[in-house]
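The structure appears right after this line, and notes come after that.
Here is how names work: the chains are called A, B, and so on, in the same order as the sequence lines, proteins then strands, and each is numbered from 1.
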Amino acid sequence: MTASFDLFADSPEEQRVALGPQAVVLRQKASPLAAELVARIEDVLQHSPLYQMATPGGKPLSVRTTSCGTHGWSSDPTGYSYVRHHPLTDQAWPEIPAAWSALATEAAQEAGFAQFAPDTCLINQYGLDSKMALHQDRSEQDLRQPVVSISLGMSALFLWGGMQRSDKPAHVLLHHGDMVVWGGVDRLRFHGIKHLTGAPHPQLGAMRYNLTLRRAR
DNA sequence: TAGTCGCG
DNA sequence: CGAC
């Protein structure tokens with residue numbers, strides 16, 4: 001079931017936007033918390049450098065990616081999977097910053113998913129030319145566990161689709177500090193990012209980071 | 001097939 | 001929106 005209209009997040013007082021029975025956008029009022037989240041990105045990237053992945057068919061992704069947690073999401077010629085080591089450094093992924101996992105657990109709770117304990121966080125860095133085609137998150141072992149996505153930096157146009165790739169997606173503008181949580185009947189909804197929009201971010205410049213916290217195992 | 005193209 |  002796809003929304004028949006576009007959702008535009010232009011009212012700052014709006015805290016929650018329902019995307020489905022078990023999917024919601026949570027917007028933070030102020031951003032001291034978001035600033036703290038941003039500060040931890042630098043820590044993680046220092047030990048876990050961004051790199052460019054490609055689809056199993058060999059098409060490069062337009063985002064740069066890295067991970068933290070016990071597992072990291074990976075795409076390579078053999079398919080999508082979770083791996084325990086950074087493919088370039090061969091080192092174990094750094095720990096998920098406590099501020100990130102605590103916030104993800106809290107957001108999941110808010111969305112109706114109790115005791116969410118992420119073991120992986122995918123970090124996607126978007127530039128002005130980056131986008132993400134419609135896809136499903138389905139490499140996780142237990143699909144009863146939700147997905148928590150945190151937006152930082154420039155705003156972006158989020159595509160919220162249906163259970164089939166051809167379903168027409170709703171458009172949702174995501175801003176710095178916004179979180180999207182989805183699970184249950186909405187867990188396999190197709191989603192993507194059309195493009196960045198608005199002004200460069202004061203701290204991050206013409207960049208957006210998306211933190212996707214999941215339970216891989 | 002987490003990308004991109006070609007057709008309408 | 002199907003096809004690769």
Side-chain angles (χ1 to χ4, degrees), chain A residues 1-6 19-20 23 25 41 44-45 48-69 71-88 93 104 118-143 145-174 178-183 186-197 207-217:
Chain A
M1 199 73 72
T2 302
S4 57
F5 52 90
D6 293 350
L19 295 178
V25 182
I41 293 178
V44 170
L45 296 189
S48 192
L50 292 163
Y51 63 103
Q52 187 174 32
M53 289 198 285
T55 65
K59 304 287 182 62
L61 305 194
S62 61
V63 293
R64 295 203 301 158
T65 299
T66 194
S67 286
C68 53
H71 293 73
W73 185 81
S74 172
S75 172
D76 66 32
T78 67
Y80 304 139
S81 61
Y82 280 97
V83 297
R84 291 185 170 278
H85 300 275
H86 193 295
L88 298 188
W93 305 102
D119 62 2
T120 179
C121 177
L122 180 66
I123 299 153
N124 281 146
Q125 183 197 60
Y126 290 76
L128 294 176
D129 295 325
S130 299
K131 61 200 175 195
M132 181 80 68
L134 287 173
H135 67 279
Q136 296 171 300
D137 291 22
R138 57 182 312 157
S139 302
E140 298 72 36
Q141 194 168 78
D142 181 2
L143 295 178
Q145 299 294 320
V147 177
V148 176
S149 165
I150 303 173
S151 295
L152 296 168
M154 272 184 74
S155 301
L157 196 54
F158 181 62
L159 303 175
W160 181 245
M163 300 300 290
Q164 303 203 246
R165 206 191 196 204
S166 56
D167 291 343
K168 180 184 165 137
H171 292 58
V172 184
L173 205 45
L174 295 181
D178 288 352
M179 295 181 286
V180 187
V181 183
W182 66 96
D186 291 314
R187 181 61 173 71
L188 291 177
R189 293 271 285 242
F190 277 84
H191 57 280
I193 289 287
K194 194 171 177 71
H195 54 68
L196 301 193
T197 185
M207 208 80 89
R208 171 179 185 262
Y209 287 95
N210 187 76
L211 312 177
T212 311
L213 293 114
R214 290 175 285 219
R215 184 79 193 185
R217 300 290 170 159

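- Here the C1' atom of nucleotide C:dC1 and the CG atom of A:Leu159 are 15 Å apart, to the nearest Å.
- Separating the NE2 atom of A:His195 from the P atom of B:dG3 is a distance of 15 Å, rounded to the nearest angstrom.
- Taking NE2 of A:His71 as the reference point, atom NE2 of A:His85 lies at 9.5 Å (rounded to 0.5 Å).
- Taken to the nearest 0.5 Å, the CE atom of A:Met53 stands 7.0 Å off from the CG atom of A:Asn124.
- Considering OG of A:Ser149 and CD1 of A:Ile193, their distance stands at 7.5 Å, rounded to 0.5 Å.
- At the heavy-atom level, A:Ser75 lies nowhere under 4.0 Å from the strands shown.
- With sequence neighbours excluded, the residues satisfying side-chain contact (heavy atoms from CB on, under 4.5 Å) with A:Arg215 are A:Phe116, A:Ala117, A:Asp119, A:Gln145.
- Distance A:Leu61 CG to B:dT1 P: 10 Å, rounded to the nearest Å.
- At a cut-off of 3.5 angstrom, counting only N and O atoms as typed in the model, there is no donor on one side facing an acceptor on the other between the side-chain of A:Arg165 and the base of C:dG2.
- Rounded to an integer number of Å, the gap from A:Tyr126 OH to B:dG3 P is 8 Å.
- Centroid-to-centroid, the aromatic rings of A:Trp93 and A:His86 come within less than 6.0 Å.
- In this structure, A:Lys131 atom NZ and B:dT1 atom P are separated by 15 Å, rounded to whole Å.
- Put simply, NZ on A:Lys59 is 7 Å from P on B:dC5, counting in whole angstrom units.
- Ring orientation note: the planes of A:Trp182 and A:Trp160 are nearly perpendicular, at an angle over 60° on the 30°/60° scale.
- Heavy atoms of other residues, nucleotides or ligands lying less than 6.0 angstrom from CG of A:Asp129 number 12 at most.
- Put simply, A:Ser166 has a side-chain N or O that comes within less than 4.0 Å of OP1 or OP2 on C:dG2.
- Taking the C1' atom of each, B:dT1 and B:dC5 are spaced 13 Å apart, rounded to whole Å.
- Base pairing in DNA chain B yields stems of at least 3 consecutive Watson-Crick or G-U pairs, both distances under 3.5 Å, namely B:3-6 with C:1-4.
- Residue contacts for A:Arg64: at a heavy-atom cut-off of 4.0 Å it reaches no nucleic acid atom on any strand shown.
- Between the CG atom of A:Asp129 and the P atom of B:dG3 there is a distance of 14 Å, given to the nearest Å.
- With rounding to whole Å, A:Leu134 atom CG is found 11 Å from B:dT1 atom C1'.
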